[in-house]
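Quick caveat, the model's predicted, so the values are computed rather than measured. All heavy atoms count here, side chains included; hydrogens, waters and symmetry mates do not.
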Amino acid sequence: MGLPRLGGEGGNGGNVLVVAQDGITLKMIKDKYPTKRFAAGVGANSSIRSLKGAKGKDCEIYGPVGISITNDNGKIIGELNRAGDRLIVAQGGHGGSFRTNFLPSKGQSGIIRMDLKLVANVGLVGFPNAGKSTLLSKLSHAKPRIADYPFTTLKPEIGKLLYNDYKQVSIADLPGLIEGAHLNKGMGHKFLKHVERTKQLLYVVDVTGFQLSSETPFRNVFEAVQLLTKELELYKVELLSKPALLAVNKMDLKNAAEKFKELMQQLQQPQDFYHLIPEEMVPMRQVQFKHIIPISSLTGYGIEELKNCIRKSLDDQDDLENEHYRLEKLQKLHSNTP
């Protein structure tokens with residue numbers, strides 16, 4: 001409350017903040033705060049001794065680095081990507097003053113959701129059984145579970161690609177997408193939320209096509225590329241602006257060379273072949289792959305070339321980002337020059 005007699009102002013209420021800190025997990029928050037309720041302190045009343053009331057104490061919730069915070073309507077409030085990042089999730093009310101007839105206003109309250117998202121340089125994107133897990137084990141020292149049936153990967157696996165100059169690139173094998181993933185079918189959003197955090201995407205497709213089950217239609221390799229693109233587009237169209245590479249796997253199989261040649265022709269002018277696929281599978285925006293590499297995860301064919309292409313693509317992206325940063329600094333410098 002404000003003090004009407006002397007025009008005093010009451011203190012503002014404290015804020016509730018989420019602060020990113022290394023070594024924290026979501027489970028630790030659940031265990032420490034079973035009620036999951038957080039409240040900041042109340043601002044102090046204005047008085048003769050203290051015309052300006054003290055601000056209420058802030059409530060800080062320590063959370064893991066790499067979380068996305070949404071409200072109960074699913075709207076993203078913000079992300080905490082580095083240790084020390086802070087985000088106000090509920091603001092304290094204003095203290096009473098002359099403007100409010102010396103009555104304080106209520107602070108914000110609400111429900112928030114914390115989602116931990118994986119961070120990696122490259123995310124492997126593909127339908128189940130495209131050979132992503134085998135590819136990850138060939139590219140890196142990761143030992144993901146590998147079997148000849150869909151959904152072997154039920155949680156993300158991270159591999160480290162080490163180059164001769166000691167540069168390391170992290171690669172995430174994400175759970176296999178299925179048709180309708182954007183609607184949260186199958187692994188759905190569990191998969192797609194991790195894709196958002198990767199710098200680049202590596203599409204992995206089976207050169208012979210795929211069929212998820214006897215109830216779903218067979219898709220050839222061109223359809224697989226379009227359907228992967230469509231699933232990403234329907235979830236969040238911004239994902240298609242990420243640099244992308246395409247690894248065409250299982251080149252050791254019979255007729256693989258002919259199928260690869262046909263795919264290359266189709267990808268050069270995809271609109272000429274859209275009539276061959278259902279209308280709902282056609283993406284609004286075509287992905288321009290920086291590199292298309294034929295590989296065999298089984299025999300190792302094309303793996304070295306793929307490693308080199310991944311490195312070149314990431315280096316190009318870093319150069320571009322550095323150039324943008326340099327230009328921004330120059331613009332700020334010029335704008336501040338009298």
Determine whether a donor-acceptor pair (N or O, by modelled atom type, separation under 3.5 Å) exists between the side chain of [X] and the backbone of [Y].
{"X": "Asn121", "Y": "Ile171", "value": "no"}
{"X": "Gln200", "Y": "Gly123", "value": "no"}
{"X": "Ser313", "Y": "Cys309", "value": "no"}
{"X": "Thr100", "Y": "Leu103", "value": "yes"}
{"X": "Asp31", "Y": "Met28", "value": "no"}
{"X": "Thr134", "Y": "Ser297", "value": "no"}
{"X": "Glu223", "Y": "Asn220", "value": "yes"}
{"X": "Ser46", "Y": "Leu51", "value": "yes"}
{"X": "Ser170", "Y": "Lys160", "value": "no"}

State, yes or no, whether a side-chain contact exists between [X] and [Y] at a heavy-atom distance under 4.5 Å.
{"X": "Asp206", "Y": "Val221", "answer": "no"}
{"X": "Val207", "Y": "Leu263", "answer": "no"}
{"X": "Gln271", "Y": "Gln269", "answer": "yes"}
{"X": "Val18", "Y": "Ile88", "answer": "no"}
{"X": "Val89", "Y": "Ile69", "answer": "yes"}
{"X": "Glu79", "Y": "Ile67", "answer": "no"}
{"X": "Glu60", "Y": "Arg86", "answer": "yes"}
{"X": "Val169", "Y": "Ile310", "answer": "yes"}

How long is the straight-line distance from [atom2] of [Y] back to [atom1] of [X], given to the nearest 0.5 Å?
{"X": "Asp272", "Y": "Gln266", "atom1": "CG", "atom2": "CD", "answer": "10.5 Å"}
{"X": "Lys167", "Y": "Leu314", "atom1": "NZ", "atom2": "CG", "answer": "6.5 Å"}
{"X": "Lys250", "Y": "Leu135", "atom1": "NZ", "atom2": "CG", "answer": "11.5 Å"}
{"X": "Phe260", "Y": "Asn249", "atom1": "CZ", "atom2": "CG", "answer": "12.0 Å"}
{"X": "Lys138", "Y": "Glu304", "atom1": "NZ", "atom2": "CD", "answer": "11.0 Å"}
{"X": "Phe222", "Y": "Gln265", "atom1": "CZ", "atom2": "CD", "answer": "12.0 Å"}

Would you kindly confirm whether [X] and [Y] end up in one hydrophobic cluster when ILVMFWY residues are joined by side chain heavy atoms under 4.5 Å apart?
{"X": "Leu240", "Y": "Leu320", "result": "no"}
{"X": "Leu253", "Y": "Val205", "result": "no"}
{"X": "Leu298", "Y": "Ile293", "result": "no"}
{"X": "Met281", "Y": "Phe127", "result": "yes"}
{"X": "Leu227", "Y": "Val237", "result": "no"}

inquiry  = Using a 6.0 Å cut-off, check whether atom CG of Asn164 has over 12 heavy atoms from anything other than its own residue.
reply    =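 Atom CG in Asn164 is not packed in, count stays at 12 or less.
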
query = Hey, is CD on Gln168 packed in by over 12 heavy atoms from elsewhere, all under 6.0 Å?
reply = yes

Least distance between heavy atoms, [X] atom then [Y] atom:
{"X": "Val248", "Y": "Met251", "value": "O-CG, 3.5 Å"}
{"X": "Leu3", "Y": "Ile48", "value": "CD2-N, 3.8 Å"}
{"X": "Val204", "Y": "Leu228", "value": "O-CD1, 4.5 Å"}
{"X": "Lys132", "Y": "Leu124", "value": "O-CD1, 3.7 Å"}
{"X": "Thr198", "Y": "Leu201", "value": "OG1-CD2, 3.5 Å"}
{"X": "Ser296", "Y": "Asp252", "value": "OG-OD1, 2.8 Å"}

message = Check whether Tyr163 forms a cation-pi arrangement with Arg311 (NZ or CZ under 6.0 Å from the six-membered ring centre, at most 45° off the ring normal).
response = yes

message = Quick one, Arg326 with Glu323, criterion salt bridge (charged side-chain N to carboxylate O under 4.0 Å, His left out). Give me CA distance, side-chain angles, the key distance, then yes/no.
response = CA-CA 5 Å; Arg326 190 181 70 81; Glu323 181 63 16; 2.9 Å; yes

ask   = Partners of Phe289 by ring pair (Phe, Tyr, Trp, His ring centres under 6.0 Å), sequence neighbours excluded?
value = Tyr203

Between [X] and [Y], does any side-chain N to carboxylate O distance fall below 4.0 Å?
{"X": "Asp72", "Y": "Lys75", "value": "no"}
{"X": "Lys230", "Y": "Glu233", "value": "yes"}
{"X": "Lys199", "Y": "Asp318", "value": "yes"}

Can you give me every donor-acceptor pair (side chain of residues 5-16, partner residue at least two apart or in another chain, under 3.5 Å) with its distance?
residue: Glu9; atom: OE1; partner: Lys52; partner atom: NZ; Å: 3.2
residue: Asn12; atom: OD1; partner: Gly95; partner atom: N; Å: 2.8
residue: Asn15; atom: OD1; partner: Gly92; partner atom: N; Å: 2.8

inquiry  = Hydrogens and angles aside, do Gln286 and Gln288 bring a side-chain donor and acceptor to less than 3.5 Å of each other?
reply    =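 No - no donor-acceptor pair under 3.5 Å links their side chains.
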
